[in-house]
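Sharing a structure with you now.
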Amino acid sequence: MDHSNKLANPQNTIEVLKKYNFVFQKKFGQNFLIDTHVLEKIVTAAGVTKDDFVLEIGPGIGSMTQYLCEHAREVVAVEIDTALIPILKNTLSSYDNVTVLNEDILKVDINKLAQEKNQGKPIKVVANLPYYITTPIIMGLFESHVPIDNITVMVQKEVADRMQVGPGTKDYGALSLAVQYYAEPYIVANVPPNCFMPRPNVGSAVIRLTTHKEIPVQVDDEKLMFRLIRASFNQRRKTLVNGLNNSPEIHVDKEVIIKAIEKLDVSPTIRGEALDLQQFAKLSNAISRMQA
């Protein structure tokens, strides 16, 4: 592929932005990727082929969209910033397999999109997201049970770390458990600030989340389990019993909590951060069965 004419070449990005007098919007957390190697890594990690329908979130000026169009069967790119729509019309004009939606991804019916564009088969999602909204978007995709093959996203380095660690590490938390419940995380590449325009203040990483064919734990009540997980990490310094007992989200007698923890064969003074996904599922099932 000839890189010289690619948008991700910094010179070309600057030219496009100048031509359209584009102003970076702080509220959208915009950082455009200006590194062709990283773009190639993302497309390769996502495993995009001509059989694939790809949903891209936050195309910006279309640097990654161009790569996706060349590799995928069809691309739908969702961009919230109206100022970028005329730019995308221009930068993507030579591709006939792309649709740009000027919408907020949190309001798009992605299930309907997968049905229309991919006959309900699992889609691939690629995104370079503003960091403050990464988690709600990823969790929204998983929780709405959209058929997804994998999600390959650029995130803040520490968020990528958090997504893939296990108990006993300081980054371990509700996000780690939620991501690992739905998917297998794999860090594809670390990306330094100089690969973006403007430069962010933090390091970034590309992480691929490959959806589990089958959820790895048996849990009766998914919502209860996630409430327990959130409550136990909300007060990290407290024991699991007290963390759950003090949580306004958990309406369960202390006796029930103590009995349920006994069933795990762990110390009664254990902290929530010491439990793994299997144990949270077991705890959740014990509580819901005692209350049934």
Side-chain angles (χ1 to χ4, degrees), residues 131-132 134-143 145 151 153 155-188 190 202-205 207-292:
Y131 295 149
Y132 61 86
T134 308
T135 306
I137 289 178
I138 291 174
M139 292 324 300
L141 285 168
F142 285 143
E143 284 163 13
H145 295 284
I151 305 177
V153 290
V155 295
Q156 198 169 329
K157 170 87 173 80
E158 62 175 271
V159 174
D161 291 338
R162 213 175 294 155
M163 286 179 180
Q164 57 149 21
V165 293
T169 53
K170 71 168 174 34
D171 286 331
Y172 183 63
L175 181 63
S176 326
L177 284 152
V179 165
Q180 291 162 32
Y181 176 75
Y182 292 108
E184 174 76 40
Y186 169 72
I187 292 187
V188 176
N190 289 317
V202 291
S204 305
I207 190 164
R208 182 185 63 215
L209 309 171
T210 307
T211 318
H212 293 308
K213 294 282 170 276
E214 273 171 35
I215 297 287
V217 291
Q218 300 286 301
V219 64
D220 303 342
D221 181 346
E222 205 175 278
K223 286 195 164 61
L224 171 65
M225 181 179 80
F226 282 115
R227 284 209 307 276
L228 292 169
I229 287 172
R230 278 197 302 274
S232 52
F233 284 99
N234 270 345
Q235 305 171 301
R236 284 186 96 110
R237 304 273 62 88
K238 286 202 162 80
T239 63
L240 181 59
V241 176
N242 292 337
L244 298 182
N245 193 44
N246 293 335
S247 169
E249 271 201 276
I250 309 291
H251 310 287
V252 181
D253 292 339
K254 192 169 188 175
E255 280 55 61
V256 173
I257 294 171
I258 291 170
K259 273 213 176 88
I261 292 172
E262 277 170 8
K263 289 195 176 356
L264 297 180
D265 294 326
V266 293
S267 151
T269 59
I270 196 164
R271 286 178 177 174
E273 60 194 35
L275 299 190
D276 62 16
L277 187 58
Q278 300 284 354
Q279 290 169 309
F280 273 113
K282 212 167 155 183
L283 179 70
S284 174
N285 291 344
I287 290 175
S288 52
R289 286 163 197 175
M290 277 189 253
Q291 296 202 289

Response to the item:
d(L177 CG, Q279 CD) to nearest 0.5 Å is 10.5 Å
Response to the item:
Smallest heavy-atom separation, L277 atom then Y172 atom, equals N-OH, 4.3 Å
Item to complete: State, with a plain yes or no, whether a side-chain heavy atom of K254 is found less than 4.5 Å away from one of N242.
Response: yes
Discussion item. So which atom in P216 and which in Q180 form the shortest heavy-atom distance, rounded to 0.1 Å?
Written reply: CG-O, 3.9 Å
Response to the item:
Here the gap from Q164 atom CD to R208 atom CZ, rounded to the nearest 0.5 Å, amounts to 12.0 Å
Worksheet item: About how many Å separate OG of S288 and CE of M225, when rounded to the nearest 0.5 Å?
Response: 11.0 Å
Worksheet item: Can you name the nearest heavy-atom pair linking I207 to A160, along with the distance?
Response: CD1-O, 3.7 Å
Worksheet item: Would you say the side chain of L244 lies within less than 4.5 Å of the side chain of S232, judging by non-hydrogen atoms?
Response: yes
Practice prompt. Taking the side chain as every heavy atom from C-beta outward, state whether I187 and D161 have any atom pair closer than 4.5 Å.
Written response: yes
Practice prompt. Could you check V219, L224, L240, I229 and say which one makes a side chain to side chain contact (heavy atoms under 4.5 Å, CB included) with L283?
Written response: L240
Worksheet item: Would you say the side chain of Y182 lies within less than 4.5 Å of the side chain of I215, judging by non-hydrogen atoms?
Response: yes
Discussion item. Looking at S176 and G166, would you say the former's side chain and the latter's main chain have a donor-acceptor pair under 3.5 Å?
Written reply: no
Worksheet item: Do the non-hydrogen side-chain atoms of S247 and N234 ever get within less than 4.5 Å of each other?
Response: no
Worksheet item: Rounded to the nearest 0.5 Å, what separation is found between the CG atom of L209 and the CD1 atom of I138?
Response: 5.5 Å
Practice prompt. Could you tell me whether E273 and R237 make a salt bridge, using a distance below 4.0 angstrom between a side-chain N and a carboxylate O?
Written response: yes
Worksheet, complete the sentence: On a heavy-atom basis, the closest approach of R162 and D171 is CG-O, 2.7 Å
Discussion item. Is there a side-chain contact between Q235 and R271 in this structure, where contact means two heavy atoms from C-beta onward sitting under 4.5 Å apart?
Written reply: no
Worksheet item: So, does D253 use its side chain to make a donor-acceptor pair with the main chain of E255 at under 3.5 Å?
Response: no
Fill in: Interatomic distance, M290 atom CE to N285 atom CG [nearest 0.5 angstrom]
10.5 Å
Worksheet item: Under 4.5 Å between any side-chain heavy atoms of V153 and I137, yes or no?
Response: no
Practice prompt. Evaluate the side-chain contact (heavy atoms from CB on, under 4.5 Å) criterion for residues N190 and K157: first the C-alpha distance (whole Å), next the side-chain angles of each, then the deciding distance (0.1 Å), finally the verdict.
Written response: CA-CA 7 Å; N190 289 317; K157 170 87 173 80; 3.2 Å; yes
Item to complete: Could you pull out the closest heavy-atom pair between V241 and I261, with the gap in Å?
Response: CG2-CD1, 3.5 Å
Practice prompt. For side-chain contact (heavy atoms from CB on, under 4.5 Å), just list the numbers for I250 and R227, CA-CA rounded to whole Å, side-chain angles, deciding distance to a tenth of an Å, and then say yes or no.
Written response: CA-CA 7 Å; I250 309 291; R227 284 209 307 276; 3.9 Å; yes
Discussion item. Is the shortest side-chain heavy-atom distance between F226 and Y181 below 4.5 Å?
Written reply: yes
Worksheet item: What is the distance from atom CD of E222 to atom NE2 of H145, rounded to the nearest 0.5 Å?
Response: 4.5 Å
Practice prompt. Of all the heavy-atom pairs spanning Q218 and A281, show the shortest one and how long it is.
Written response: O-CB, 4.0 Å
